[in-house]
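In what follows, a structure is listed as structure tokens, so that the remarks can point back to it.
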Amino acid sequence: MSDNKNNMSHWADQMAERIIREKGEKPLYTCASGITPSGTVHIGNFREIITVDLVVRALRERGKNVRFIYSWDDYDVFRKVPKNMKDPELLASYLRKPITLVPDTSGVAENYARANEVRVENILPTVGIYPEYIYQAARYRAGYYAEGIKRALEKKEEIKAILNEWRTEPLGDDWFPVSVFSSFTDKDNTKVTDWDGEYKITYTDLDENKSETIDIRSTPNTKLPWRVDWPMRWAKEGVDFEPGGKDHLTEGGSYDTSKKVVELFGGTAPVSMRYDFIKLKGMGGKISSSGGEVADLYDVLEIYTPEIVRYMFVGTRPNSEFAISFDLDVLKIYEDYDNCERIYFGLLDVKEQRKEKEKRIYELSQVDSDHIPTEPGYQAPFRHLCNLFLIHESNVDEALESISDVTEGQKDRLRARLVCAKNWLEKYAPEEFKWSLATTTDPIDVKDNERQALKDLASYVNSYLDEMNEKEFSTYIYKAAADNGIENADFFTLTYRALISKEKGPKLAGFIKTVGKEKILQILSKY
RNA sequence: GGGCCGCUAGCUCAGUAGGUAGAGCAACGCCCUUUUAAGGCGUGGGUCAUUGGUUCGAAUCCAAUGCGGCUCACCA
């Protein structure tokens with residue numbers, strides 16, 4: 001790995017330096033991220049995770065000891081049933097309960113929240129991200145935050161004053177900085193009515209109209225509301241860095257109030273940075289809970305290899321919005337990545353400043369930061385891989401075998417790309433990208449001169465294909481057309497119809513060569 | 001109403017620790033007699049939204065303005 005101590009070309013490095021500058025030299029730096037797993041954790045949520053991962057890497061490369069915590073805010077309340085969930089009526093009966101008490105109607109995990117968590121925890125190692133997970137429901141229920149809750153109650157007036165700075169409707173005199181899940185119903189439709197100055201609070205269940213006094217240590221149904229919970233945890237964990245979406249990082253947003261509230265808990269606010277949303281392009285109408293398109297990391301990893309997924313985030317400033325494309329842009333993204341790789345390995349000469357930047361992007365894009373590749377990948381254009389895959393009748397292994405000049409070090413990466421090409425073709429590619437060899441279909445109807453032209457072509461394939469390059473062989477394609485009085489354009493169309501039952505196809509000479517003599521002749525011999 | 005982001009070539013954007021404006025595509029020209037989102041070589045094209053300020057020097061920093069967008073003032 002190169003020495004990045006002074007490399008400031010990338011935003012993650014700049015952020016790492018800022019954290020060290022603002023927080024001072026510390027034996028341990030804590031970087032945090034987190035979300036409420038109340039639905040699919042989508043690719044926009046992933047942006048926060050990888051943003052932290054990149055800063056963590058930059059800090060570690062500076063020799064720092066870093067803890068990366070990811071908070072599952074699964075003691076939050078189940079507020080609405082996402083549209084695409086199984087058994088919505090059953091789920092609806094659990095509204096207002098904590099999401100860990102909601103059943104998982106998909107049947108994969110012990111509860112609703114856990115199902116969403118597991119999905120993320122299983123996939124993050126694929127892109128080289130290994131946070132330490134913290135489960136808030138378990139912590140709250142174990143009384144882990146009892147002192148924090150007590151502290152919040154003690155500082156009730158100060159907290160109220162801070163929150164009221166931005167509220168249109170000030171919090172009333174009867175407000176307490178805690179919310180309670182009822183012991184009777186598990187729901188949060190409750191109102192706290194009294195606090196004894198120590199650990200006991202009294203609340204009323206508004207559904208059942210029953211009251212009860214509980215000890216927050218032994219009956220931990222109590223949780224802090226978000227704007228108090230967040231700063232309490234900053235203080236508890238000593239968080240030095242945590243990014244946020246633009247909803248949090250706006251004036252009067254939760255970061256603003258939390259950085260004041262955290263002081264009441266004896267802590268200081270972490271360094272933060274704002275990330276923007278991710279748009280999707282070309283997915284073709286996958287419906288999310290909110291009615292728009294949604295994709296999660298699994299969807300993206302189907303068509304982009306892990307390093308390219310990282311590359312898209314690494315190469316974009318977090319505070320600008322960008323789109324992840326599932327359409328033809330995929331080809332360009334692969335090309336861009338290959339360009340970056342060529343620059344890294346010195347195969348493409350660019351200005352020094354750009355070179356430094358691209359090299360850093362390449363490093364941070366790699367899944368394993370300790371093992372940056374020592375040779376570039378096999379840089380076949382994505383489109384070519386699509387064609388190889390189709391030539392070999394949708395068999396990835398055969399397609400891989402057909403490429404002879406691949407080194408051992410390139411093989412795994414190339415296979416991963418072929419699988420992505422396969423997935424892209426099957427799910428997102430436009431029709432003109434898809435075809436199959438007409439080896440088993442009946443011959444098309446042709447006129448006599450067309451038949452003769454195809455016979456000529458077969459003969460040229462038989463005699464010359466193996467020993468010629470694309471360009472040399474292409475002259476025989478034109479010869480076959482010209483000798484039989486067919487316009488070039490018409491002959492190309494004819495040949496595509498004969499070979500792949502379509503009007504157009506991949507560049508013909510190269511295509512014939514890639515398919516190989518045997519299969520081409522198998523088809524052309526029908527004429 | 002507050003805050004934030006964007007405004008750079010026809011299009012999509014890069015360039016923001018200040019130092020002579022970039023890429024890809026499109027366009028135009030030439031070439032490979034020759035299908036495709038072809039290939040090669042070359043050319044043109046921008047008062048960096050506007051105005052002012054700081055500076056020897058501003059796309060870059062500051063202040064206003066305009067247009068577009070997001071977000072907070074519920075909950076999390």
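Every chain is numbered from 1 and lettered A, B, ... according to where its sequence line falls, protein lines coming before strand lines. What you see is a predicted model; the values in this text were computed from it and never measured.
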Now, which nucleotide makes the Watson-Crick or G-U wobble pair with [N], with each of the two distances under 3.5 Å?
N: B:C4; answer: B:G69
N: B:A9; answer: none
N: B:U50; answer: B:A64

Practice task
Decide if the gap between the ring center of A:F78 and the ring center of A:Y94 is smaller than 6.0 angstrom.
Solution key: no
Practice task
Indicate, with yes or no, if the rings of A:F511 and A:W435 have centres closer together than 6.0 Å.
Solution key: yes
Using a cut-off of 4.0 Å on non-hydrogen atoms, how would the nucleic acid contact of [X] be classed: base, sugar-phosphate, or nothing?
X: A:I477; answer: nothing
X: A:K502; answer: nothing
X: A:F433; answer: base
X: A:Y496; answer: base

Practice task
Report yes or no: is there a donor-acceptor pair, N or O only, under 3.5 Å between the side chain of A:S320 and the base of B:G6?
Solution key: no
Exercise for the section: Would you kindly check whether a donor in the side chain of A:Y478 faces an acceptor in the base of B:U33, or vice versa, at under 3.5 angstrom? Expected result: no
Practice task
Looking only at side-chain atoms of A:E251, point me to the closest of B:G2, B:C75, B:A76.
Solution key: B:G2
Handout entry: Residue A:R274, side-chain atoms from C-beta onward, closest of B:A76, B:U34, B:C5
Key = B:C5
